[in-house]
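What follows is a single structure, written as structure tokens, with notes after it.
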Amino acid sequence: MRTLLRLRTFWVCFLFYKRFLWLGLALTLLFFFLGAPLVFLVFLKTFLFGFLFMFYFERSLSQRLEFYRNFGLGRMFLFSISFLMEMALTVLTYQILLGF
């Protein structure tokens with residue numbers, strides 16, 4: 001629980017997440033302009049994050065996570081926080097676009 005409350009934890013998780021930030025934003029914009037509902041977008045991104053999580057079980061990609069393990073962040077914690085960041089950004093972006 002202590003790890004979750006540290007600002008450094010969120011900063012390190014953001015360092016991992018920022019690789020996928022532009023792709024997630026592009027998907028949100030694309031499906032918004034195609035007229036897809038927010039629920040579809042959430043399900044799609046949940047599926048894609050699940051696929052990405054499974055993809056990181058490969059040995060060569062798993063070694064890339066060593067930096068994050070040195071901060072005490074496991075794979076599941078890292079992907080969970082990144083997924084929550086993605087969902088928050090998706091809902092926020094979608095709601096902002098609905099306002100225009």
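Computed from heavy atoms alone, side chains included, the values below leave out hydrogens, waters and symmetry copies.
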Determine, using the 4.5 Å side-chain heavy-atom cutoff (strictly less than), whether M76 and F71 are members of one ILVMFWY cluster. yes
With the 4.5 Å side-chain cut-off for hydrophobic clustering, are F51 and Y56 part of the same group? no
Between V91, L97, T90, which is the residue that forms a side chain to side chain contact (heavy atoms under 4.5 Å, CB included) with T93? L97
Minimal non-hydrogen separation, F20 against E86, with atom names: O-OE1, 4.4 Å
As an exercise, state the distance from CZ of F16 to CG of L78, rounded to the nearest 0.5 Å. 4.5 Å
Just so I know, are the side chains of E66 and Q63 near enough to count as touching, which here means a heavy-atom distance under 4.5 Å? no
Can you name the closest pair of heavy atoms from L41 and L27 and give their distance? CD1-O, 4.0 Å
Spell out, yes or no, whether L34 and F43 are grouped together once hydrophobic residues are joined by side-chain heavy atoms under 4.5 Å, including indirect joins. no
With side chains defined as the heavy atoms from C-beta onward, is the minimum distance between Y17 and I81 less than 4.5 Å? no
Look at atom CZ of R69 and say whether more than 12 heavy atoms of other residues, nucleotides or ligands are closer to it than 6.0 Å. yes
With heavy-atom distances below 4.5 Å as the criterion, would you say the side chains of L89 and L21 are in contact? yes
Euclidean distance, Y94 OH relative to F32 CZ, rounded to 0.5 Å: 6.0 Å
Starting from L98, can I reach L30 by hopping between I/L/V/M/F/W/Y residues whose side chains sit under 4.5 Å apart? yes
What's the separation between atom OG1 in T9 and atom OH in Y68, rounded to the nearest 0.5 Å? 13.5 Å
Taking K45 for its side chain and G24 for its backbone only, find out whether a donor-acceptor pair lies under 3.5 Å. yes
Group every Ile, Leu, Val, Met, Phe, Trp and Tyr by side-chain heavy-atom contacts under 4.5 Å, then state whether L65 and W11 land in the same group. yes
From R75 CZ over to S80 OG, what is the distance, rounded to the nearest 0.5 angstrom? 12.0 Å
Give a yes or no on whether F47 atom CZ has more than 12 heavy-atom contacts from other residues, nucleotides or ligands under 6.0 Å away. no
CZ of F77 to SG of C13, rounded to nearest 0.5 Å, is 5.0 Å
Nearest-0.5 Å distance that lies between atom CZ in F14 and atom CE in M85: 7.5 Å
Over all heavy atoms of both residues, which pair between V42 and M87 is shortest? Give the atoms and the distance, please. CG1-SD, 3.9 Å
